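Just below is one structure, and these are the notes that go with it.
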Amino acid sequence: MPPEQPVEPSLELDHVMLARREKLQRIYNLGFEPYPNSYNRNVAIRLLLEDFDALSAAKSNYSIAGRIISLRLMGKAAFAHLQDESGRLQLYFRKDILGDLNWELFTLLDIGDIIGAEGYLFLTKTGERSLHIERFTLLAKSLRPLPAVKEKGEQVWFRWDDKEERYRHRPIDLILNRDTREVLLKRSRLVKELRNFFDAKGFVEVETPALQPIYGGAAARPFVTHHNTLDRDLYLRIADELYLKRAVIGGMPRVFEIAKDFRNEGIDRMHSPEFTMCEAYAAYEDYSFAADLIEELLFATATAVNGRPAVVWEDRAIDFTPPFKRISMPEIILDKTGINIVQRRREELALEARRAGVEVEANWSVGQIIDALFSQLIQPALIQPTFILDYPIELSPLAKRHRSIDGLVERFELFAGGLEIVNAFSELNDPIDQRRRFEEQARRRAEGDEETPPLDEDFLAALELGMPPTAGLGLGVDRLAMLFTGASAIRDVILFPILRTRA
RNA sequence: GCGCCCAUAGCUCAACUGGUAGAGCAAGUGACUCUUAAUCACUAGGUUCCAGGUUCGAUUCCUGGUGGGCGUACCA
């Protein structure tokens, strides 16, 4: 049923949108339904293009559907390009074939309208593969203009590439910019391959709470929200870790989860307040197992996404073919800076760090000094995938003590392109030790460290039931997606990234 | 959080040292039955981000705000 007034009088419309609403009214007046319920298309444009020679010889009809992205009207004939999810095809319309009524409908079409079209394939004079249209159906009238893009093949005269606009108006971005689609499709392939991989290794996918009474499993400031009926504050998870371990304790020896974590912290090229984390836990294994698994996983996912294990990111080739370099943190710091970090007193270490050009705050612990040394002097140069093993105990409250080196834990992080991609450890399963470490954290929290989470008694109670020795890993899905797609900003691999609200 | 830069028509941009805005594309009308950045003719389109200030006069200069970009800090 045509609405009485397609032009809502309350809306302030610019002349372009007004014109489209007037066309909509004229379409109703001609007796057409501009928003029908369904359409039978029988082929994707890509297939028509790929098998053009055979299919055009057959002279049979094909019906396709998509969005009009260009329109060239020439009196009693017209050309248009139709885009569907697989490609673009030129359409050729003629008044004598469509008939007067349908031709009139055709003249009311705009760039952006979605139509279904049926006809046979032919080659134009200039050699472009085209569809000779015998009938078409308007499937959705577009009331808002797309930004004007002028392009021919690779040559583009007006590209719509204002970054902010692209983030804010993803539907338009996806319609106009093929690379956006490509990046996000690759991300989808990555996530799918992660699931395949863990599934094949016998991991069970579980879902843990995003709303948590106590947050934990990482050091970060949380988002706080409120449940009305329970009348209490809840936190958005900053990590899945403590719940996945509860699942292991409960007798699920291999579990994984791919989920959003939320951290109430700064936004920049590498950080988004909500981001996707993949965590996996394997009972009866240690961090060496996790490292082996990660090597295999990165090779498999890189290959699944790009067809080969090597990528180019920020102008550098990164090859995910195993084995990756493995080096302990004390060793690489000694190698690159000459500083020995094992069993050092704070004051000496602070002095040597300052001498190496690293600023050290007065209240920093040994662990924080080591972290600063590493992240400033070593990490940026870790371009090829590299495991850094064995971290200072203070920075790793959930990791098991190293089996042979005092003051360290069995933990590794994997770096590639200078980015931290994976964090993994032999999970701490000694409940007494875990309680002590939490208490140490609680002291720091009392001293004003907002990022240290509160003590989680419920988790400790679970741990006291007994957790098998377990390897755990967390993989930053967004960052991996960046590496695999060549994206230089995390927003590029997030379909709808968070932005400041418009005034 | 700090520093630097940006904001003009639907879009991309222009307007010399301050003199109240202009082009291409998009849009509308007309012509055109193989065009493809279609072409040709005509028409319409502006609170120059917002609020103050200086000035006879502000898109232009100043202050504050809003939004954005880049860098930097924080983020095991």
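Predicted, not measured: the structure shown is a model, and the values here were computed from it. Proteins come first, then strands; the chains are lettered A, B, ... in the order of their sequence lines, and each starts at number 1.
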Nearest-neighbour nucleotide for the [X] side chain, [options] considered:
{"X": "A/E265", "options": "B/G28, B/G71, B/C75", "answer": "B/C75"}
{"X": "A/M74", "options": "B/A76, B/G71, B/A38", "answer": "B/A38"}
{"X": "A/A19", "options": "B/A27, B/C75, B/U35", "answer": "B/A27"}
{"X": "A/R263", "options": "B/A76, B/G28, B/C34", "answer": "B/A76"}
{"X": "A/R491", "options": "B/G69, B/U29, B/U33", "answer": "B/G69"}

Quiz item: Within 45° of the axis and under 6.0 Å from the centre of the six-membered ring of A/Y243, does NZ or CZ of A/R246 qualify?
Solution: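 Yes; both conditions hold, so A/R246 lies above the ring face of A/Y243.
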
When rounded to the nearest Å, what value does the distance between [atom1] atoms of [N] and [M] take?
{"N": "B/A51", "M": "B/U43", "atom1": "C1'", "result": "36 Å"}
{"N": "B/G69", "M": "B/U12", "atom1": "P", "result": "15 Å"}
{"N": "B/A38", "M": "B/G46", "atom1": "C1'", "result": "30 Å"}
{"N": "B/G3", "M": "B/G65", "atom1": "P", "result": "12 Å"}
{"N": "B/G57", "M": "B/U39", "atom1": "C1'", "result": "45 Å"}
{"N": "B/C74", "M": "B/C2", "atom1": "P", "result": "16 Å"}
{"N": "B/U47", "M": "B/U8", "atom1": "C1'", "result": "12 Å"}
{"N": "B/A58", "M": "B/U20", "atom1": "P", "result": "11 Å"}

Length of the [atom1]-[atom2] vector between [X] and [N], whole Å:
{"X": "A/L71", "N": "B/U39", "atom1": "CG", "atom2": "P", "result": "14 Å"}
{"X": "A/K23", "N": "B/G28", "atom1": "NZ", "atom2": "C1'", "result": "9 Å"}
{"X": "A/R88", "N": "B/A37", "atom1": "CZ", "atom2": "C1'", "result": "13 Å"}
{"X": "A/R20", "N": "B/A27", "atom1": "CZ", "atom2": "P", "result": "8 Å"}
{"X": "A/K76", "N": "B/A38", "atom1": "NZ", "atom2": "P", "result": "22 Å"}
{"X": "A/Q368", "N": "B/C74", "atom1": "CD", "atom2": "C1'", "result": "13 Å"}
{"X": "A/D268", "N": "B/A73", "atom1": "CG", "atom2": "P", "result": "10 Å"}
{"X": "A/R221", "N": "B/G1", "atom1": "CZ", "atom2": "P", "result": "11 Å"}

Would you mind classifying the nucleic acid contact of [X] as base, sugar-phosphate or nothing, using non-hydrogen atoms under 4.0 angstrom?
{"X": "A/A220", "answer": "nothing"}
{"X": "A/F122", "answer": "base"}
{"X": "A/A78", "answer": "nothing"}
{"X": "A/G217", "answer": "base"}
{"X": "A/L73", "answer": "base"}

Quiz item: Does a side chain donor of either A/E118 or A/S63 reach within less than 3.5 Å of an acceptor in the other side chain?
Solution: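 Side chains of A/E118 and A/S63: no pair found under 3.5 Å.
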
Self-check item: Distance-only donor-acceptor check, side chains A/D492 and A/Y167, under 3.5 Å
Solution: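 A/D492 vs A/Y167: donor-acceptor pair found between side chains.
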
Donor-acceptor pair, distance only, cut-off 3.5 Å: does the side chain of [X] make one with the backbone of [Y]?
{"X": "A/D390", "Y": "A/M329", "answer": "no"}
{"X": "A/E285", "Y": "A/A471", "answer": "no"}
{"X": "A/R269", "Y": "A/S488", "answer": "yes"}
{"X": "A/R479", "Y": "A/E420", "answer": "yes"}
{"X": "A/N177", "Y": "A/T180", "answer": "no"}
{"X": "A/S328", "Y": "A/E331", "answer": "yes"}

Quiz item: So A/F93 and A/F106, would you call those rings parallel, tilted or perpendicular, with 30° and 60° as cut-offs?
Solution: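 Aromatic pair A/F93/A/F106 classed tilted.
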
Quiz item: How are the rings of A/Y287 and A/H402 set relative to one another: parallel (under 30°), tilted (30 to 60°) or perpendicular (over 60°)?
Solution: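 Correct class here is perpendicular.
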
Exercise. Scan residues 392-425 of chain A against RNA chain B and write down, sorted by residue number, each residue with any heavy atom closer than 4.0 Å; if none is found, say none.
Key: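 Listed by number, they are A/L395, A/P397, A/R411, A/E413.
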
Exercise. Check whether any side-chain N or O of A/R72 sits under 4.0 Å from OP1 or OP2 of B/U35, and answer yes or no.
Key: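 No, outside the criterion.
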
Self-check item: OP1 or OP2 of B/U35 under 4.0 Å from side-chain N/O of A/R94
Solution: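 No, A/R94 has no side-chain N/O under 4.0 Å of OP1/OP2 on B/U35.
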
Quiz item: Does the base of B/U35 carry an N or O that pairs as donor and acceptor with the side chain of A/E128 under 3.5 Å?
Solution: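 Looking at the base of B/U35, it does not pair with any donor or acceptor on the side chain of A/E128 (distance under 3.5 Å).
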
Quiz prompt | Side chains of A/V409 and A/I393 in contact at under 4.5 Å (non-hydrogen atoms) | solution =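 Result yes, sub-4.5 Å side-chain heavy-atom pair found.
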
Self-check item: Contiguous pairing runs of three or more, Watson-Crick or G-U under 3.5 Å, that involve RNA chain B
Solution: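 For RNA chain B the paired stretches long enough to count as stems (3 pairs minimum) are B:1-7 with B:66-72, B:10-13 with B:22-25, B:27-31 with B:39-43, B:49-53 with B:61-65.
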
